[in-house]
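Read through the structure below, which is laid out as structure tokens, and then see the notes.
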Amino acid sequence: VQLQASGGGLVQPGGSLRLSCAASGFTFSRSGFAWFRQAPGKERQFVAAISWGGASTLYADSVKDRFTIFRDNAKNTVFLLMNNLKPEDTGGYYCGADPRARTYSGHGLAVRGNYLYWGQGTLVTVSS
């Protein structure tokens with residue numbers, strides 16, 4: 001099992017980045033995915049998630065209307081498009097996968113414990 005996150009970097013406030021999470025070793029099409037981020041000295045927090053069927057997405061309030069999560073089953077890759085980046089978006093971004101084809105009610109997609117596989121993360125720095 002492998003989740004390889006990429007696409008991070010240094011960007012000015014107001015800029016954009018697209019993160020990628022390439023998955024292998026499990027059935028991608030039956031897996032839900034999420035992005036979490038961790039700022040220095042803080043706990044890892046939920047950013048965005050997409051259900052295994054792709055019909056449902058969920059975003060943290062702080063990124064709603066700025067970030068978009070989407071998936072490409074043909075490429076076994078999940079993406080996070082981040083627009084209008086702010087300094088508070090700085091941190092390590094981690095991709096998690098739930099391979100169990102589960103459907104969650106409420107904010108279940110945002111629960112860190114529901115994701116069994118994790119990648120090593122990619123660093124995003126928003127600074128002028």
Side-chain angles (χ1 to χ4, degrees):
V1 172
Q2 189 172 13
L3 292 171
Q4 184 65 49
S6 61
L10 174 63
V11 62
Q12 292 186 342
S16 299
L17 282 174
R18 190 182 77 167
L19 305 184
S20 300
C21 175
S24 61
F26 58 98
T27 305
F28 184 90
S29 61
R30 293 181 59 80
S31 300
F33 292 89
W35 288 94
F36 284 69
R37 70 184 176 197
Q38 188 167 15
K42 295 187 177 182
E43 292 186 354
R44 194 172 295 187
Q45 295 182 325
F46 171 75
V47 174
I50 187 166
S51 62
W52 70 274
S56 298
T57 57
L58 184 67
Y59 298 92
D61 287 343
S62 60
V63 307
K64 203 171 293 183
D65 299 326
R66 298 190 298 123
F67 290 12
T68 303
I69 186 171
F70 56 102
R71 59 192 296 156
D72 186 336
N73 285 1
K75 296 182 178 179
N76 282 7
T77 303
V78 176
F79 301 93
L80 184 67
L81 177 61
M82 306 186 295
N83 294 322
N84 190 22
L85 282 161
K86 303 176 180 181
E88 52 264 41
D89 295 319
T90 293
Y93 280 70
Y94 298 86
C95 175
D98 174 7
R100 298 168 291 182
R102 286 189 175 183
T103 299
Y104 296 102
S105 61
H107 286 72
L109 283 173
V111 176
R112 182 178 172 184
N114 286 333
Y115 298 92
L116 305 186
Y117 306 143
W118 291 93
Q120 290 187 333
T122 185
L123 182 62
V124 172
T125 303
V126 184
S127 176
S128 55

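The structure displayed is predicted, hence computed values, not measured ones.
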Here the pair of heavy atoms bringing T77 nearest to S20 is CG2-CB, 4.1 Å

Is there a donor-acceptor contact under 3.5 Å from the side chain of Y94 to the main chain of A34?
-> no

Interatomic distance, OG@S31 vs CZ@R102, rounded to 0.5 Å, equals 12.0 Å

Any side-chain to backbone donor/acceptor pair from R37 onto G91? Under 3.5 Å, distance only. no

Shortest non-hydrogen pair, E43 vs Q38, comes out as C-CG, 4.1 Å

Separation between CZ (R112) and CD (Q45), nearest 0.5 Å, reads 10.5 Å

Checklist entry - Cluster question for you: counting only ILVMFWY and a side-chain heavy-atom cut-off of under 4.5 Å, with indirect links fine, are V78 and Y104 together? => result no

Notebook entry, point to check: Short question: side chain of N114, backbone of G108 - any donor-acceptor pair under 3.5 Å?
Noted result: yes

With W118 as partner, the option from W35, F36, F33 fulfilling ring pair (Phe, Tyr, Trp, His ring centres under 6.0 Å) is F36

Between the CG atom in N76 and the OG atom in S29, the distance rounded to the nearest 0.5 Å is 8.0 Å

task = Would you indicate whether the side-chain heavy atoms of V11 and M82 approach each other to under 4.5 Å?
result = no

Is it the case that the side chain of R30 and the backbone of F26 share a donor-acceptor pair, with hydrogens and angles ignored and the cut-off at 3.5 Å? no

For T122 and G7 the tightest heavy-atom approach is OG1-N, 3.9 Å

Checklist entry - Can you get from I50 to L3 by hopping between Ile, Leu, Val, Met, Phe, Trp and Tyr side chains that sit under 4.5 Å apart? => result yes

Closest non-hydrogen atoms of S16 and N83, given as atom of the first, atom of the second and distance, are OG-OD1, 2.8 Å

Between V63 and D89 the two heavy atoms that sit nearest each other are CG1-OD1, 4.4 Å

Quiz item: Going by heavy atoms in the side chains, are T90 and S127 under 4.5 Å from each other?
Solution: no

| message | Whether the side chain of R71 engages the backbone of S51 through a donor-acceptor N/O pair (distance < 3.5 Å, no angle test) should be reported. | response | yes

Check your understanding: Between F28 and Y117, is there a shared hydrophobic cluster once you connect ILVMFWY residues whose side-chain heavy atoms come closer than 4.5 Å?
Key -> yes

Discussion item. I'd like to know if F46 and L19 are part of one continuous hydrophobic network [Ile/Leu/Val/Met/Phe/Trp/Tyr, side-chain heavy atoms within less than 4.5 Å].
Written reply: no

Test: K64 and D61 ion pair at under 4.0 Å:
yes

Quick check, are the ring centers of F79 and F70 under 6.0 angstrom apart?
yes

Here the pair of heavy atoms bringing G8 nearest to V124 is CA-CG2, 4.1 Å

Quiz item: If two hydrophobic side chains count as joined below 4.5 Å and joins carry through other members, does Y115 share a cluster with W52?
Solution: no

Between the side chain of Y59 and the main-chain N/O of I69, is any donor-acceptor distance below 3.5 Å? yes

